[in-house]
S.K.: 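My questions all concern the structure below.
Remember, it's 1-based here, ligands and their atoms both numbered in the order they're listed.
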Amino acid sequence: MKFEDMEFSASIKEALSSMNYTTPTKVQERVIPVMCNGSNVIVRSHTGSGKTLAFGIPLSDRIITRKSRAALVLGPTRELVMQVKSELRQVNRFTGLRIFEVYGGHGIEGETQVLRGRVDILCATPGRLLDHIERGNIDMEMFDTVVLDEADRMLDMGFIDDIRKILEMVKPRWTHLFSATLDGKVAVLIQEYIARYEEILLEEEIIGTNIIEKKFIVPRQQKFKELYKYIQQAGRQRVLVFVSTKRYAEMLRERLCNRGVRAVSLHGDLSQQKREHSLEMFRSGKSNVLIATDVAARGLQIDNVEYVINYDEAADADTHRHRIGRTGRMGATGYAITFIDENPIQRGPYGASNPKAGEPRSYRGVREVKSMQFYIDRGY
Ligand code: ADP
Ligand code: MG
């Protein structure tokens, strides 16, 4: 199947071919025809599977062909909203659709100006959108379609009430939901707001066969030394380091920079501008070490890194898979290295998976190894 063979506007196809996109990904192949035909979709598919264009193409096509007036895309973070907007703009370079974004963390005046003009697709974080609504900057009735992108993440971040308010104001005729998971709060949201839909579930295929996973127990005081060793070993290859807190991210970055490593960080305490700068440095290769927290890195297109290092373990298996899935792409060999704390009970604030005091946590497939010995473990 090629994009050429699918039924949507020629102007979008032209843009796709100028982007060198010829073949839809699995999720795109399944979602595009269903959404183009006017059904609601609920889609579960992993990060990096191409969900943005899966909804971006049909949203645009329906507006171009006047089956829909305007669409609203809600996403959890500024970075994700910006990423979606850029991708939608790219496929709309020949269509004349007007695509804009609103998100917190920068001045609101510029956005207010933009909202005065015609908007065909608006990408927004829920909080900032409500801000505009309260200021009377936007007529919500113009939207007849809403996409909830990264729905699980938005709910994890506590946006449920904001999303409810928005959906109740828009009363969209079409509502689509995209998420890596569909249980818990996401299921409740679907039940409340999406009456009829087609469900498209893709199997996880995050972990390719090209990831070499190593986990080893590292005493807290030795973590930095170990990390530094890997960074040197990586040379000019890209290393993505995950830590559990914003504070650790900053501390590590400083320590590495003091040793002459060009490290940048990505976490929730940084200004919008700094976050973009970090991403840009890492993507362009000016910096080869990125230290990130899960919240900041979630959903962002940080792929094709040679090393993922879990300086702090992930809180759960899903997060772990999500982290290490950023390496070993497209046939390249990737290394996923996880430092396990010597004494998990004394670990920092980790959330739900934190063992109760006095209750040692068992690691499946991990035996007590003397520090620095590693072994390969493919099943987490
Ligand atoms: P998701 O939202 O599922 O995490 P994205 O939509 O961000 O995934 O897509 C991941 C990457 O794949 C992006 O860099 C995107 O530009 C690229 N991509 C998407 N669709 C295609 C395609 N059909 N052909 C080639 N690359 C694609
Ligand atoms: Mg996405």
S.K.: Using a 4.0 Å cutoff against the non-hydrogen atoms of E87, which atoms of ligand 1 qualify?
M.R.: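 Ligand 1 atoms under the 4.0 Å threshold to E87: 15 (C), 16 (O).
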
S.K.: Can you confirm if the NZ or CZ of R69 lies within 45° of the ring axis of F143 and under 6.0 Å from the centre of its six-membered ring?
M.R.: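 Negative - R69 is either too far from the ring of F143 or too far off its axis.
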
S.K.: Going through the checks in order, is the side-chain contact (heavy atoms from CB on, under 4.5 Å) test met by I12 and D61?
M.R.: CA-CA 8 Å; I12 299 177; D61 181 64; 4.0 Å; yes

S.K.: Mark the output for H46 as yes if a heavy-atom distance to ligand 1 is under 4.0 Å, and as no if none is.
M.R.: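 So H46 counts as touching ligand 1.
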
S.K.: Is the shortest distance from a heavy atom of F178 to ligand 1 less than 4.0 Å?
M.R.: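 Outside the 4.0 Å threshold, so no.
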
S.K.: Taking the six-membered ring of F8, is NZ or CZ of K13 closer than 6.0 Å to its centre and within 45° of its axis?
M.R.: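 Yes, cation above the ring, under 6.0 Å and within 45°.
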
S.K.: Run the ring-ring contact (aromatic ring centres under 6.0 Å, His included) check on F55 and F178 step by step: do they pass?
M.R.: CA-CA 9 Å; F55 63 76; F178 289 74; 5.1 Å; yes

S.K.: Which ligand 1 atoms are under 4.0 Å away from a heavy-atom of F3?
M.R.: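 Those qualifying, in numeric order: 23 (N).
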
S.K.: Atoms of ligand 1 less than 4.0 Å from T52 heavy atoms?
M.R.: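 The list of qualifying atoms is 2 (O), 5 (P), 6 (O), 7 (O).
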
S.K.: Looking at ligand 1, would S49 count as a contact under a 4.0 Å heavy-atom criterion?
M.R.: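 S49 counts as a contact of ligand 1 under the 4.0 Å cut-off.
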
S.K.: Quick test of your reading of the structure: of T22, T23, L16, L53, whose heavy atom lies closest to atom 22 (C) of ligand 1?
M.R.: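 It is T23 whose heavy atom sits nearest to atom 22 (C) of ligand 1.
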
S.K.: Using the rule side-chain hydrogen bond (donor to acceptor under 3.5 Å, both in side chains), only one of E111, Q273, Q272 pairs with H106; which is it?
M.R.: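 Per the side-chain hydrogen bond (donor to acceptor under 3.5 Å, both in side chains) rule, the option paired with H106 is E111, out of E111, Q273, Q272.
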
S.K.: Polar-atom distance check: Q28 versus ligand 1, any N or O pair below 3.5 Å?
M.R.: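 Yes, at least one N or O pair falls under 3.5 Å.
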
S.K.: Keeping T175 on the side-chain end and I194 on the backbone end, is there a donor-acceptor pair under 3.5 Å?
M.R.: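 Absent.
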
